[in-house]
**Q** 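First the structure, which I've put down as structure tokens, then a few questions once you've had a look.
Quick note: numbers below take in every heavy atom, side chains included, and nothing from hydrogens, waters or symmetry partners. Labels below follow one simple rule: chain letters A, B, ... track the order of the sequence lines, proteins then strands, and each chain is numbered from 1.
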Number of protein chains: 2
Amino acid sequence: MTPTVPLRSRKAQIDRTATALFRARGFAATSMRELATELGLEAGSLYSHIKSKEEILHRVCFGLAEDFFTDFAVATADASTPVAEKLRQAIEGHVRVLTRDSAASAVFLHEWRHLSEPARTEFLSLRDRYEGSFRALIARGIAVGELHAPDTAFATLTLLASLNWLPSWYRPDGKLTPDEIAHRLAEQLLGGLLTNK
Amino acid sequence: MTPTVPLRSRKAQIDRTATALFRARGFAATSMRELATELGLEAGSLYSHIKSKEEILHRVCFGLAEDFFTDFAVATADASTPVAEKLRQAIEGHVRVLTRDSAASAVFLHEWRHLSEPARTEFLSLRDRYEGSFRALIARGIAVGELHAPDTAFATLTLLASLNWLPSWYRPDGKLTPDEIAHRLAEQLLGGLLTNK
DNA sequence: TTTGTTTGCTAACGAGCGTTAGCAAGTATA
DNA sequence: TATACTTGCTAACGCTCGTTAGCAAACAAA
């Protein structure tokens, strides 16, 4: 009755379950025995599939970072698109990544601090680069007159802050679909930035 | 040379130092031995002043909750003040609490999950009540035509999200004073909400 | 001078931690 | 049939955790 071929590799199952636990309790407060129990295993058995607890965290954090970069690149690829429209698509892309796996997103946003060096520094520089891409987009939008904001840095910070708050309240079984959320957030946040509104 | 009367009670010193460590490493990843070392003590000595590790977290979280409520009440007390102006003052009050002790604020925002029941539930209901106050203010502003937003709930969430991101980047020795930050944030965030702008 | 409070120490408790070694069964490939 | 990979177990390692008991010095209030 139980399928002999698992739907996902054991390693992927461990990652998923660990991500959910890391989100719910935090990385440090999640024990390998807890994780094993959740999977119906003994603690030691986990190490047939992974090298360490931190390895899981590393994979989640850097995997999601890659997702964010990919979606941003797609959203801003076309040179003929107006900046404001690029920003809208970047916002929607960001929201899409956040909603696709909100547990992993929450871990990405909050648990990276438990990475040890040099991964921690490497992660932070990726995050800075990503934020920089948004800031550059907004700055260019202001330069060409499509957007306006009293302070570019503040505008960028508040924009990303609003987006990144999403995993704290998003529920996959909620009333709004990810696309609707992405659209409303873009509406709300671009609304304060557009020159002609 | 060393003062016989400490500037703060030992208990308050423990709270302050613990708050800084909780912010930097997270509650679960901070050990009592680490905290004791930071204070030049042995681990066991801490227990002459406090009952438990969680007691410190409890004091920080609920102490700050009180601060938020107090400042909000002051900002919205005068019945003759226009709603938009009340909201501006509530925003500035919120920022004032966040900047007054950004370490405690970060703990308040992120470490409350490590409170055990029933404190955890109690804390969450306080937080919900506070968010509800902001939502009610915005809703009233929309009702009387001073504000506009496509979605009240979204407007509230993005507003508070932007504000609560502050402890992540605020540095007391930065270029901007807390008042300047409060003013700019209010400007930026009200800008998207005001009807006539 | 007595009493109580504040402060801090040493030593240890039971428990849980992440991780490893060694073994074994099942499955897939050759 | 032989080989190798996947999967999982038991048992234990050294270590750290939060916390407690018991003692003692310093100091303030009576």
**Q** Would you tabulate the nitrogen or oxygen pairs shorter than 3.5 Å linking the protein to nucleotides 24-26 of chain C?
**A**
none

**Q** Kindly state which residues belonging to residues 25-41 of chain A come within less than 4.0 angstrom of DNA chain C, counting heavy atoms of the residue only, listed by number.
**A**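 Nucleic-acid contacts, sorted: A:Thr30, A:Ser31, A:Met32, A:Arg33.
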**Q** With salt bridge (Lys or Arg N to Asp or Glu O under 4.0 Å) as the test, would you mind laying out the steps for A:Arg113 and B:Glu111 before giving the verdict?
**A** CA-CA 13 Å; A:Arg113 301 188 288 146; B:Glu111 306 300 327; 3.4 Å; yes
**Q** May I have the list of side-chain donor-acceptor pairs in residues 129-136 of chain B shorter than 3.5 Å, sequence neighbours left out?
**A**
{"from": "B:Tyr130", "atom 1": "OH", "to": "B:His94", "atom 2": "ND1", "distance (Å)": "2.7"}
{"from": "B:Ser133", "atom 1": "OG", "to": "B:Arg129", "atom 2": "O", "distance (Å)": "3.1"}

**Q** Can you give me every donor-acceptor pair (side chain of residues 156-163 of chain A, partner residue at least two apart or in another chain, under 3.5 Å) with its distance?
**A**
{"from": "A:Thr156", "atom 1": "OG1", "to": "A:Thr152", "atom 2": "O", "distance (Å)": "2.8"}
{"from": "A:Thr158", "atom 1": "OG1", "to": "A:Phe154", "atom 2": "O", "distance (Å)": "2.9"}
{"from": "A:Thr158", "atom 1": "OG1", "to": "A:Ala155", "atom 2": "O", "distance (Å)": "3.1"}
{"from": "A:Ser162", "atom 1": "OG", "to": "A:Thr158", "atom 2": "O", "distance (Å)": "2.9"}
{"from": "A:Ser162", "atom 1": "OG", "to": "B:Thr158", "atom 2": "O", "distance (Å)": "3.3"}
{"from": "A:Ser162", "atom 1": "OG", "to": "B:Ser162", "atom 2": "OG", "distance (Å)": "2.9"}

**Q** Side chains of B:Gln13 and B:Arg16 only: does a donor on one sit below 3.5 Å from an acceptor on the other?
**A** no
**Q** Counting only side-chain nitrogens and oxygens, does B:Ser45 get under 4.0 Å of the OP1 or OP2 atom of C:dC9?
**A** yes
**Q** Could you walk me through whether B:Glu180 and B:Arg184 satisfy the salt bridge (Lys or Arg N to Asp or Glu O under 4.0 Å) test, starting with their C-alpha distance in whole Å, then the side-chain angles of each, then the deciding distance to 0.1 Å, before giving a yes or no?
**A** CA-CA 6 Å; B:Glu180 285 169 342; B:Arg184 289 201 196 190; 5.8 Å; no
**Q** Closest nucleotide of DNA chain C for B:Ala43 versus for B:Lys11: which of these residues is on the 5' side?
**A**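 Final value for this comparison: B:Lys11.
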**Q** To the nearest 0.5 Å, what is the distance between NE2 (B:His183) and CD1 (B:Ile91)?
**A**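 It comes to 11.5 Å.
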**Q** Once you round to the nearest 0.5 Å, how far does OG of A:Ser102 lie from CZ of A:Arg23?
**A**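 Rounded to the nearest 0.5 Å, the OG-CZ separation comes out at 4.0 Å.
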**Q** Flag the pair A:Arg33 and A:Glu42 as a salt bridge only when some basic side-chain nitrogen lies within less than 4.0 angstrom of an acidic carboxylate oxygen.
**A** no
**Q** Are A:Glu34 and A:Arg25 ion-paired here, with the side-chain N under 4.0 Å from a carboxylate O?
**A**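 Salt bridge: yes.
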**Q** Between side-chain atoms of residues 61-75 of chain A and protein atoms elsewhere (two or more places apart, or another chain), which donor-acceptor pairs fall under 3.5 Å?
**A**
{"from": "A:Thr70", "atom 1": "OG1", "to": "A:Glu66", "atom 2": "O", "distance (Å)": "2.9"}
{"from": "A:Asp71", "atom 1": "OD2", "to": "A:Arg96", "atom 2": "NH1", "distance (Å)": "3.1"}

**Q** For DNA chain D, which residues in residues 46-62 of chain B have a heavy atom at a distance below 4.0 Å?
**A** B:Tyr47, B:Ser52, B:Lys53
